[in-house]
Amino acid sequence: MKVFAKRAYIGSTWAHDVRLTLHDGKITQIETSVQTEADDICVDTLLPALSNLHSHSFQRAMAGMTEFRATGRESFWTWRDLMYRFLDHLTPDQIGAIAALAFMEMQKSGYAAVGEFHYIHHAPGGKSYDDRAELSNQIMAAAKTTGIGLTHLPVLYSYGGVGQHPLAGGQLRFGNTVDQFADLVDQCRSIAASHNHDTQVGIAPHSLRATSPDDLAQITQSHGDGPIHIHIAEQTKEVENVLEVLGARPVEWLLDNADVDARWCLIHATHMTEDETIRMAKTGAVAGLCPVTEANLGDGIFNGATYLNAGGAIGIGTDSNVNIALAEELRLLEYSQRLKHRERNVLVRNDGSTGETLYSGAAWGGAQAIGRNAGIIGVGKLADLVAIDSTDPALCALTDSQILDGYVFAAKDNIVTDVWSAGRHMVQDGQHVDQFEIKARYRAAIADLMATIG
């Protein structure tokens, strides 16, 4: 396959009249200042596509269901109770249908790959399915249907709170011992071998509140080189509980007790001291930021300026999938910093384009976080590509150096015309190639689900 672009962001520079040759899911040749040929797929502006490093796809079906204020203070914890009650009704087929819709919407938004932080493992009430990997199978099948690149992240969730409290209610669908979890990960790796060639499996100890120090050490030390993701310091109550039980704040405790390095992705890391922020930046781990969800849940604001000034790596995720919108994640990340510091263009070290800094940083960091050989357009890299239309009114007045500023701060996701996931051309002319079948399956699944919920 050959792709011709009038303009492309290659490495860290712009080039014009570019042809990419794609083979076996990778970029094998890049030519610049060339003419179009008969078999070229022609696009306007070509960028490296981002990886969505953090998703709970099933929560896509909850969007709009939790925006009603109940008596008393609404918080993350009240939202979590509603989420537990919702997921208690989900069947395997419904989980697969919801995941397929979410993955398709991610691609239409410009993401080429996703890290699925997957923690529903059992039937309602905690009973195991005959196949321990039943629900992981559904996630991988949804990725294969949509063509999105997948790093599947089975979650170890053993306890209901810091200090090894027992699981209860909706949490019963999550629970595994360390040995059960190891078996699940092995099964997932076997399943992945029969799916798209770029499908990977990492691990995700859910959080310090849902694991124990010994369990965390055991699974991370035996894991090897693959991605390790963990929720950390999302809520002030979580920070207080971890400090009370483990004797240190969550990020502080993790950095003191685990070998945190470039394999790791620390999701949210919202509530950190300056020292924790700088220490985390120097580990080489990625901060997994989900600004839309973090705002929706009232989490707080990440220490972005300090972290990036210390050389920290970032990536973005859609988390609860309340609104799958790539540019909005990056926009809100910067805008939250502007509101916090009351200044503009905060997340740029020295001088430069804010949009380019955010986009290229998230492209590289997201790929690192999910163990994907992508993040830039280069020979030998996976063909994770997104084409945008620079003739759109939001972009048509901009120069090369301003295009990513326009994309992040002025445009909507409908400027995305094409997306390739490891060379699979799944979005064409702004539409997913299988969208009608995916939407029809989703609507049928949701109708059944809502009839059950009542």
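Residues take their numbers from the sequence shown, with the count starting at 1.
With respect to Asp198 and Arg372, a salt bridge is recorded, a charged nitrogen being found less than 4.0 Å from a carboxylate O. No salt bridge links Arg338 with Glu343; every basic N to acidic carboxylate O contact stays at or beyond 4.0 Å.
Partners of Arg349 by salt bridge (Lys or Arg N to Asp or Glu O under 4.0 Å), not counting sequence neighbours: none found. For Tyr157, the ring pair (Phe, Tyr, Trp, His ring centres under 6.0 Å) partners two or more places apart in sequence, or in a different chain, are Phe174, His206. Residues satisfying the ring pair (Phe, Tyr, Trp, His ring centres under 6.0 Å) criterion with His56, sequence neighbours excluded, are His54, Phe117, Tyr119, His231. Partners of Glu328 according to the salt bridge (Lys or Arg N to Asp or Glu O under 4.0 Å) rule, which considers only residues two or more places apart in sequence or in another chain, do not exist here. Residues passing the salt bridge (Lys or Arg N to Asp or Glu O under 4.0 Å) test with Arg279 are Asp256, sequence neighbours excluded. A search for salt bridge (Lys or Arg N to Asp or Glu O under 4.0 Å) contacts involving Asp351 returns nothing, not counting sequence neighbours. Evaluation of the ring pair (Phe, Tyr, Trp, His ring centres under 6.0 Å) rule for Tyr407 yields Tyr359 as partners, not counting sequence neighbours. Phe409 meets the ring pair (Phe, Tyr, Trp, His ring centres under 6.0 Å) test with Tyr335; sequence neighbours excluded.
Applying the salt bridge (charged side-chain N to carboxylate O under 4.0 Å, His left out) test to residues at least two apart or on different chains, none of the pairs has a partner in residues 131-152. For residues 103-112, every residue pair satisfying the salt bridge (charged side-chain N to carboxylate O under 4.0 Å, His left out) rule, not counting sequence neighbours, is listed here: Arg60-Glu105. Identified under the side chain to side chain donor-acceptor pair (under 3.5 Å) test for residues 438-449, with sequence neighbours left out: Asp93-Arg441.
Gln435 places no side-chain N or O within 3.5 Å of a backbone atom of Leu101 that could act as its donor or acceptor partner.
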All N/O donor-acceptor pairs, side-chain side in residues 360-368, below 3.5 Å, sequence neighbours left out:
unit_1: Ser360; atom_1: OG; unit_2: Glu356; atom_2: O; d: 2.6
unit_1: Gln368; atom_1: NE2; unit_2: Ala262; atom_2: O; d: 3.3
unit_1: Gln368; atom_1: NE2; unit_2: Gly284; atom_2: O; d: 2.8

